[in-house]
Number of protein chains: 2
Amino acid sequence: MYICIVMSNSKLYKGSLNTIILKLLNENDKMYGYEITQKVKELTKGELKITEGALYPALHKLEAEGLLDVEVAKVDNRLRKYYKLTENGTKETANKLEELAEYIKTMQALVNPKLA
Amino acid sequence: MYICIVMSNSKLYKGSLNTIILKLLNENDKMYGYEITQKVKELTKGELKITEGALYPALHKLEAEGLLDVEVAKVDNRLRKYYKLTENGTKETANKLEELAEYIKTMQALVNPKLA
DNA sequence: AAATATACATAATTTTCTTATGCATAAGTT
DNA sequence: AACTTATGCATAAGAAAATTATGTATATTT
């Protein structure tokens, strides 16, 4: 038995899930849900864990908005739903990334005004 | 008549209001609500507008959690509620700022893995 | 045989915000 | 004098986006 302290899932991640999903799909062409959770865990060295309750509704919403296309596959007798960016999805990815950069700049102006 | 386009209040700000409040109080000793809204507008060059519906409940909550002390004053026959950090508030400010730095680092690892 | 990993999904609840509304005084404008 | 904008607080209704808790099912590891 061991104790694990993780600072993960700070409140700040709220609102950035869509950006994360879109960016990953922009890099990896197509991915399925579980793969996304693992990739995020890997890239953030375990610091950020995307929960299923957040991820799947987000994917469905992005699909409903026409930003993602879905394609179902069966691998090892298990279902996988591969998502990929639509044309609009690619455009929106650029917007989201710009928004994120802007957000980071703004926050730095707030918490570290000397560097602004 | 003119049209004003502001990218302000993007969804990403969700979760960072407390950090902003605490950091400003950490720098300015004591501030009142309206002053905070104006300071944020100034520091972000109008890009971020803290709404009253978000600010006042947040201040009340931080006070209830023992992170802020409040002191009422009357200036020009108008009420002001000055908030300042408690000892715990100062500690929590450090935590929040570290969390923010961590968040920014993590997001940069996600959206720009080459630099990680 | 049992536990963990893979893979999806949804419902209930909570948190945190926006929008709308309300009260009140001071200062500036028409 | 009347009206608008600025200053200053507050709360309620609703929306958005997460967490937590469940549920189903197969594959792999212990």
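By convention in this document, chain letters (A, B, ...) are assigned in the order of the sequence lines, proteins followed by strands, and residues within each chain are numbered from 1.
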- Message: Through direct or indirect side-chain contacts below 4.5 angstrom among Ile, Leu, Val, Met, Phe, Trp and Tyr, which residues connect to B:Val75?
- Response: none

- Item | side-chain hydrogen bond (donor to acceptor under 3.5 Å, both in side chains) against A:Asn95, all qualifying residues, sequence neighbours excluded | A:Glu92

- Query: Are A:Thr51 and A:Thr37 close enough that some pair of their side-chain heavy atoms sits under 4.5 Å apart?
  - Reply: no

- So which pairs with a foot in residues 15-49 of chain A pass ring-ring contact (aromatic ring centres under 6.0 Å, His included), sequence neighbours left out? A:Tyr32-A:Tyr82

- Query: OP1, OP2 of D:dA27 versus side-chain N and O of A:Asn77: anything below 4.0 Å?
  - Reply: yes

- Message: It should be established whether B:Lys61 places a side-chain nitrogen or oxygen under 4.0 Å from OP1 or OP2 of nucleotide C:dT15.
- Response: no

- Query: So which pairs with a foot in residues 59-69 of chain A pass side-chain hydrogen bond (donor to acceptor under 3.5 Å, both in side chains), sequence neighbours left out?
  - Reply: A:Lys61-A:Glu65

Taking [atom1] from [X] and [atom2] from [N], how many angstroms apart are they, rounded to a whole number?
{"X": "A:Leu48", "N": "D:dA17", "atom1": "CG", "atom2": "P", "answer": "17 Å"}
{"X": "B:Lys30", "N": "D:dG8", "atom1": "NZ", "atom2": "P", "answer": "13 Å"}
{"X": "B:Lys49", "N": "D:dA6", "atom1": "NZ", "atom2": "C1'", "answer": "15 Å"}
{"X": "A:Leu62", "N": "D:dA16", "atom1": "CG", "atom2": "C1'", "answer": "14 Å"}

- Message: So for the helix from C:dA1-D:dT30 to C:dT30-D:dA1, with five pairs setting each end axis, what is the inter-axis angle to 10°?
- Response: 10°

- Who are the side chain to side chain contact (heavy atoms under 4.5 Å, CB included) partners of B:Lys39, not counting sequence neighbours? B:Leu24, B:Met31, B:Glu42, B:Leu43

- Qualifying residues under side chain to side chain contact (heavy atoms under 4.5 Å, CB included), relative to A:Lys41, sequence neighbours excluded: A:Gln38, A:Lys49

- Task: Could you encode protein contacts along nucleotides 3-10 of chain C as a string, one character per nucleotide from 5' to 3', using B for base contact, S for sugar-phosphate-only contact and - for no contact, with a heavy-atom cut-off of under 4.0 Å?
- Result: --SBSBBB

- Task: With sequence neighbours excluded, tell me which residues meet salt bridge (charged side-chain N to carboxylate O under 4.0 Å, His left out) with B:Lys23.
- Result: B:Glu27

